[in-house]
2 protein chains.
Amino acid sequence: MGTPQLTKNQSLVMGALAHSDGPMSAYTILDKLRDHGFRAPLQVYRALDKLLEYGLVHRLESLNAFVACTCPQDHDHEHGVTAFTICEGCGQVTEFHDEAIEQRLSTLVRAQSFKTEKTTIEIRGHCKSCA
Amino acid sequence: MGTPQLTKNQSLVMGALAHSDGPMSAYTILDKLRDHGFRAPLQVYRALDKLLEYGLVHRLESLNAFVACTCPQDHDHEHGVTAFTICEGCGQVTEFHDEAIEQRLSTLVRAQSFKTEKTTIEIRGHCKSCA
DNA sequence: ATCGCCATGTAATGTTATTACATCAATTGC
DNA sequence: GCAATTGATGTAATAACATTACATGGCGAT
Ligand SMILES: [Zn+2]
Ligand SMILES: [Zn+2]
Ligand SMILES: [Zn+2]
Ligand SMILES: [Zn+2]
């Protein structure tokens with residue numbers, strides 16, 4: 001089971017995010033898509049829900065914003081824990097993955113007998129250029 | 001330099017969070033403090049800003065809510081990276097710290113020449129009781 | 001007393017997200 | 001063919017979260 005065919009609205013939202021150079025809020029996406037017939041927030045939120053489900057998009061919790069996934073790999077399988085650096089200067093977001101962190105978190109959480117459903121790792125700061 | 005004496009509003013907000021059994025949104029805090037003269041969101045947000053600065057309170061980004069810090073240690077010094085498990089069932093939040101994760105993240109981020117200012121780690125799932 | 005600083009009070013507004021309800025299209029079963 | 005189901009969509013209204021702007025009050029330093 002891979003990613004299903006995207007609907008019209010999902011494709012539009014995906015396209016907007018993919019062509020953006022940084023994260024966008026739902027309302028920013030809405031504005032970008034007004035020319036394509038978008039009128040209400042729900043059109044964006046519904047599309048985002050699916051795109052998040054398919055793993056094509058990530059939500060940045062500390063920003064209330066969304067980015068296209070930049071994983072090199074296919075999305076036929078769930079990718080593990082996703083982490084982000086987020087530059088306060090230029091808004092650049094970099095997605096990365098690390099097996100060691102995933103393992104360590106897994107160990108710590110298991111020690112609490114906690115069952116993980118979703119892990120958020122976001123690092124705010126300044127990128128090389130904006131230091 | 002330790003934590004300064006809290007102002008009246010800061011004390012009230014801190015008290016509300018400390019006596020709560022879980023995270024509270026700013027507006028929930030506001031409601032709890034109406035009897036003590038709170039009338040507007042800003043009174044809460046201003047107090048929270050300071051409490052966050054002093055490290056007495058943490059913001060849960062994935063919840064838009066706030067919790068009292070449960071560090072055993074004093075707050076005379078910054079504590080390192082803070083992580084949370086957040087149960088979707090009962091709302092229980094557990095704060096924890098891990099040197100290994102901190103180190104590993106530090107390494108990865110340095111490899112990007114990124115300068116960290118604040119790290120968010122939040123694990124949503126179900127606790128032992130709510131499995 | 002005057003100034004500067006910080007905490008506070010209040011109102012208005014801005015931003016993010018959800019609920020409720022109606023409609024439409026494709027699919028399934030009869 | 002045609003009702004029933006399912007999933008996507010459209011629209012409006014509202015809820016939830018956060019900030020801006022401006023005015024006031026307390027208090028220590030000069
Ligand atoms: Zn990704
Ligand atoms: Zn930057
Ligand atoms: Zn803490
Ligand atoms: Zn629980």
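Residue numbers begin at 1 in each chain, while the letters A, B, ... track the order of the sequences. These values consider heavy atoms only, across backbone and side chains, with no hydrogens, waters or symmetry-generated copies.
- For the pair Leu42(A) CG and dA15(D) P, the interatomic distance rounds to 16 Å; values are reported in whole Å.
- Put simply, the side chain of Arg46(A) and the base of dG7(D) share no donor and acceptor less than 3.5 Å apart.
- The closest side-chain donor-acceptor pair between His97(B) and Glu95(B) falls under 3.5 angstrom.
- For Lys50(A), the side-chain atoms get nearest to dA8(D) when compared with the rest of dA8(D), dT19(D), dT9(D).
- We find that CG of Asn64(B) is positioned 10 Å from P of dT19(D), with the value rounded to whole Å.
- If you measure from atom CG of Leu63(A) to atom C1' of dC17(D), you get 15 Å, rounded to the nearest angstrom.
- Protein atom CD of Gln5(B) is 16 Å distant from nucleotide atom C1' of dG26(D), rounded to whole Å.
- Regarding contacts with the backbone of dA8(D), every side-chain N or O of Thr7(A) stays at 4.0 angstrom or more from both OP1 and OP2.
- Here dA16(D) presents its P atom at 11 Å from OH of Tyr27(B), a figure rounded to the nearest Å.
- Protein chain B contacts DNA chain C from dA7(C) to dT10(C), reading 5' to 3' and using non-hydrogen atoms of the protein with a distance under 4.0 Å.
- Of the two residues near DNA chain D, Gly37(A) and Pro41(B), the one whose nearest nucleotide lies more 5' is Gly37(A).
- Separating the CG atom of Leu6(A) from the C1' atom of dG7(D) is a distance of 15 Å, rounded to the nearest angstrom.
- Among the atoms of the strands shown, only primed sugar atoms or phosphate atoms (P, OP1, OP2) are found under 4.0 Å from some heavy atom of Arg39(A).
- The separation between Gln43(B) atom CD and dT19(D) atom P is 16 Å, rounded to whole Å.
- Tyr54(B) pairs in a side chain to side chain contact (heavy atoms under 4.5 Å, CB included) with only one of the listed residues (Val57(B), Leu52(B), Leu56(B)), which is Leu56(B).
- Distance Leu12(A) CG to dA8(D) P: 15 Å, rounded to the nearest Å.
- Checked by atom type, the side-chain pair Thr120(B)/Glu61(A) shows no donor-acceptor distance below 3.5 Å.
- Side-chain polar atoms of Glu122(A) and Ser62(A) form a donor-acceptor pair below 3.5 angstrom.
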